[in-house]
Amino acid sequence: MRSDNVKKGPERAPNRSLFYALGYTPEELERPLIGVVSAYSEIVPGHMDLDKLSEAVKAGVRMAGGTPILIPAIGVCDGIAMGHIGMKYSLASRELICDSVETMCMAHQLDGLVLVPNCDKIVPGMLMAAVRLDVPAIVCSGGPMLAGRYQGQEVSLSKMFEAVGAYKAGLIDDDQLEECTCNCCPGCGSCSGMYTANSMNCLCEAIGIALPGNGTIPAVYAKRLQLAKRSGMAIMDLVHRGITARQIVNARSIRNALTCDMALGCSTNTVLHLLAVAHEAGVPIDLALFNEISAQTPNLCHLAPAGPTHMPDLYEAGGIPAVQAELAKKGLLDLDVPTVTGKTLGENIAGARILNEDAIRPIDRPYSENGGLQILWGNIAPDGCVVKRSAVAPEMQRHTGPARVFNCEEDAIEAIYNGCIHPGDVVVIRYEGPKGGPGMREMLNPTSALAGMQLDTTVALITDGRFSGASRGAAIGHVSPEAAAGGSIGLIEEGDQIAIDIPGATVTLLVDEAELAHRKAAYTAPPPNVKTGWLARYARQVASANLGAVLQ
């Protein structure tokens with residue numbers, strides 16, 4: 001066992017003495033040491049119950065003959081961080097989380113890891129560490145929040161952000177805004193739509209690194225605690241059999257995850273995170289693969305913000321196994337890949353079926369024949385950009401309009417709130433990329449304001465930043481290269497015509513090449529937005545969004 005390096009033999013007597021100082025017994029040190037990496041905190045609704053979940057994991061580890069050791073991890077609440085400088089820290093925190101898990105595992109020579117995250121960057125950060133370390137590992141997330149109720153309808157966080165836009169447009173009053181505020185998020189769990197946290201938790205299940213149910217069992221259900229205990233028991237089986245993360249997360253299983261991504265209509269952030277996980281796994285994938293898989297994968301789910309259903313509906317409809325069973329009908333999944341259950345994917349989903357066709361459509365009656373995400377290319381984004389096609393209204397799938405150019409999110413949101421954006425416009429927000437932000441802020445406030453003002457079917461938004469999974473509309477992000485790296489998004493001028501063709505996978509600045517060359521020759525990059533602290537270091541080291549915004 002790896003942990004023998006810190007507990008066996010006379011040379012490790014000093015190390016053992018420190019374990020004894022912690023209260024461990026010789027009998028406990030004879031067993032494998034399992035790190036239970038918990039992102040519990042009192043600042044993230046999705047994490048407020050992870051203390052109880054971590055204890056359930058520890059119980060499972062003990063039942064199966066291991067010694068669990070609780071380890072903390074940080075986590076940013078994207079909703080609380082949204083719309084101000086705090087969002088610069090969100091994506092960047094993914095690398096801190098990954099590095100810290102690596103640090104704790106290697107420094108203490110743990111034999112396996114159960115990763116207990118729930119929200120946006122914590123899930124991929126922990127998964128990246130497991131794959132980097134290539135140790136036995138299982139993800140056991142905290143589970144989704146129940147949907148809220150507002151004006152007789154099920155709602156979630158996206159409705160709250162859109163309500164602000166509706167309020168600014170005079171469509172709702174103070175009392176209605178407060179009613180939504182008090183009722184859209186009813187308790188613990190990751191916000192209830194197919195936002196980034198739930199997307200990544202579902203994809204951990206799809207890739208095989210989490211037990212079935214990980215993505216969809218609501219946080220408040222007893223079955224979530226049972227899942228945690230089973231995860232604790234399952235990690236011991238992996239340790240004894242020597243099955244490590246890279247045996248689970250590989251080219252075949254990543255392709256399965258991409259296929260489920262398209263069927264579910266996941267967040268655009270999954271593009272960044274799957275690229276980063278694949279990078280850690282040593283699996284070369286690029287943006288072209290996303291479109292290849294999207295072209296052959298029907299979109300089966302329209303969860304919020306794309307539609308009216310929420311994560312509990314997906315769970316009651318059969319969850320990820322039911323989605324996978326539909327995809328398997330057309331041979332779209334590799335069913336022979338191993339998973340952390342000790343069984344193959346095919347064995348895991350045997351007998352799974354759709355229980356509610358309002359939440360999961362049959363594969364012969366999909367929302368669309370193509371997947372939920374689409375990668376676009378063009379002179380604005382030579383290295384690609386991404387849109388959540390399933391959350392774009394039909395009339396905005398193709399759109400041409402004048403650019404309204406802003407050099408930061410704050411300026412754009414002010415213009416939107418003040419009624420300065422009009423039907424037909426294409427809002428351009430730049431210098432918000434991985435380097436330029438730094439940290440590639442999510443643009444949920446602008447997209448939600450447009451939706452709340454009922455402009456999401458007439459106005460597009462393009463940015464080198466990114467979007468929350470709660471964004472809907474023709475919201476095109478991850479423009480690469482970004483403006484701060486000399487990308488042509490930095491050359492767009494007010495009033496330039498921009499043509500968007502989502503089915504055709506293009507986004508084009510309708511300015512001739514000679515004029516663009518003239519602008520480029522005169523271009524001067526602005527000074528960095530952040531000059532001190534670790535974000536300044538991040539800005540110097542981070543790669544482009546089309547490479548997953550990993551550190552170089």
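- Using a 4.5 Å cut-off on side-chain heavy atoms (C-beta onward), Val479 and Arg430 make no contact.
- Residues Ile97 and Ile74 are in side-chain contact: their nearest non-hydrogen atoms beyond the backbone lie under 4.5 Å apart.
- With rounding to the nearest 0.5 Å, the separation of CG in Asp383 from CD1 in Ile375 is 12.0 Å.
- Here the options are Asn5, Asp4, Asn15, the test is side chain to side chain donor-acceptor pair (under 3.5 Å), and the partner is Gln109; only Asn5 passes.
- With salt bridges taken as basic N to acidic carboxylate O contacts below 4.0 Å, none links Asp237 and Arg230.
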Going through the distances and angles, do Ser267 and Ser199 end up as a side chain to side chain donor-acceptor pair (under 3.5 Å)?
CA-CA 6 Å; Ser267 164; Ser199 294; 5.0 Å; no
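- Of the possible donor and acceptor atoms, one in the side chain of His84 sits under 3.5 Å from a partner among the backbone N and O of Gly86.
- Remark: the Ser90 side chain and the Arg441 side chain contain no N/O donor-acceptor pair separated by less than 3.5 Å.
- With contacts defined as side-chain heavy-atom distances shorter than 4.5 Å, the pair Leu70/Ser38 qualifies.
- Side chain of Glu205 to backbone of Cys202: no donor-acceptor contact under 3.5 angstrom is found.
- In terms of modelled atom types and a separation under 3.5 Å, the side chain of Asp99 and the main chain of Leu96 share no donor-acceptor contact.
- Proximity of a side-chain donor or acceptor of Arg466 to a complementary backbone N or O of Gly477 within less than 3.5 Å is not detected.
- Side-chain contact between Val542 and Leu551 is present, with heavy atoms from C-beta onward closer than 4.5 Å.
- The CD1 atom of Ile138 lies 4.5 Å from the CD1 atom of Ile235; values are rounded to the nearest 0.5 Å.
- Proximity of a side-chain donor or acceptor of Asp51 to a complementary backbone N or O of Tyr40 within less than 3.5 Å is not detected.
- No side-chain donor from either of Ser192 and Ser156 sits under 3.5 Å from a side-chain acceptor of the other.
- When atom types are taken as modelled, the side chain of Thr268 and the backbone of Lys388 share no donor-acceptor pair closer than 3.5 angstrom.
- Taking all atoms of both residues into account, the shortest heavy-atom contact from Met145 to Gly189 is CE-O, 3.3 Å.
- Atom NZ of Lys7 is surrounded by more than 12 heavy atoms from other residues, nucleotides or ligands within 6.0 Å.
- In this structure the side chain of Asn183 never reaches within 4.5 angstrom of the side chain of Val155, judged on heavy atoms.
- Counting heavy atoms from C-beta outward, Met262 and Leu373 have side chains that approach closer than 4.5 Å.
- To the nearest 0.5 angstrom, Leu177 atom CG is 9.5 Å from Cys182 atom SG.
- Here the side chain of Ser3 pairs no donor or acceptor atom with the backbone of Asp111 at under 3.5 angstrom.
- Asn118 places no side-chain N or O within donor-acceptor distance of the main-chain N or O of His47, the cut-off being under 3.5 Å.
- Residue Tyr167 places its OH atom among 12 or fewer non-hydrogen atoms of other residues, nucleotides or ligands, all under 6.0 Å distant.
- Dense packing is recorded around CD1 of Ile80, with more than 12 heavy atoms of other residues, nucleotides or ligands lying under 6.0 Å away.
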Residues Arg246, Val135; criterion side chain to side chain contact (heavy atoms under 4.5 Å, CB included); working and verdict
CA-CA 8 Å; Arg246 289 196 191 183; Val135 296; over 6 Å; no
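- At least one donor-acceptor pair closer than 3.5 Å links the side chain of Glu482 to the backbone N or O of Gly436.
- Applying the side-chain contact (heavy atoms from CB on, under 4.5 Å) test between Pro136 and each of Leu110, Ile243, Thr244 identifies Thr244 as the sole match.
- Applying the 6.0 Å contact sphere to CE of Met48 captures no more than 12 heavy atoms from other residues, nucleotides or ligands.
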Between Tyr195 and Ser190, does the side chain to side chain donor-acceptor pair (under 3.5 Å) criterion hold? Intermediate values first, please.
CA-CA 9 Å; Tyr195 312 145; Ser190 47; over 6 Å; no
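- A distance of 7.5 Å separates CG in Leu450 from CD1 in Ile413, rounded to the nearest 0.5 Å.
- Here the side chains of Glu409 and Asn445 are in contact, with some heavy-atom distance below 4.5 Å.
- The distance from the CG atom of Leu211 to the CG atom of Leu227 is 5.5 Å, given to the nearest 0.5 Å.
- Residue Leu444 holds its CG atom at 5.0 Å from OG1 of Thr447, rounded to the nearest 0.5 Å.
- Under the 3.5 Å distance criterion, with hydrogens and angles disregarded, a donor-acceptor pair is assigned to the side chains of Glu442 and Asn269.
- Taking a 6.0 Å sphere around NZ of Lys159, one finds it holds 12 or fewer heavy atoms contributed by other residues, nucleotides or ligands.
- Side chain of Asn529 to backbone of Gly437: a donor-acceptor contact under 3.5 angstrom is found.
- Here the side chains of Met311 and Met194 are in contact, with some heavy-atom distance below 4.5 Å.
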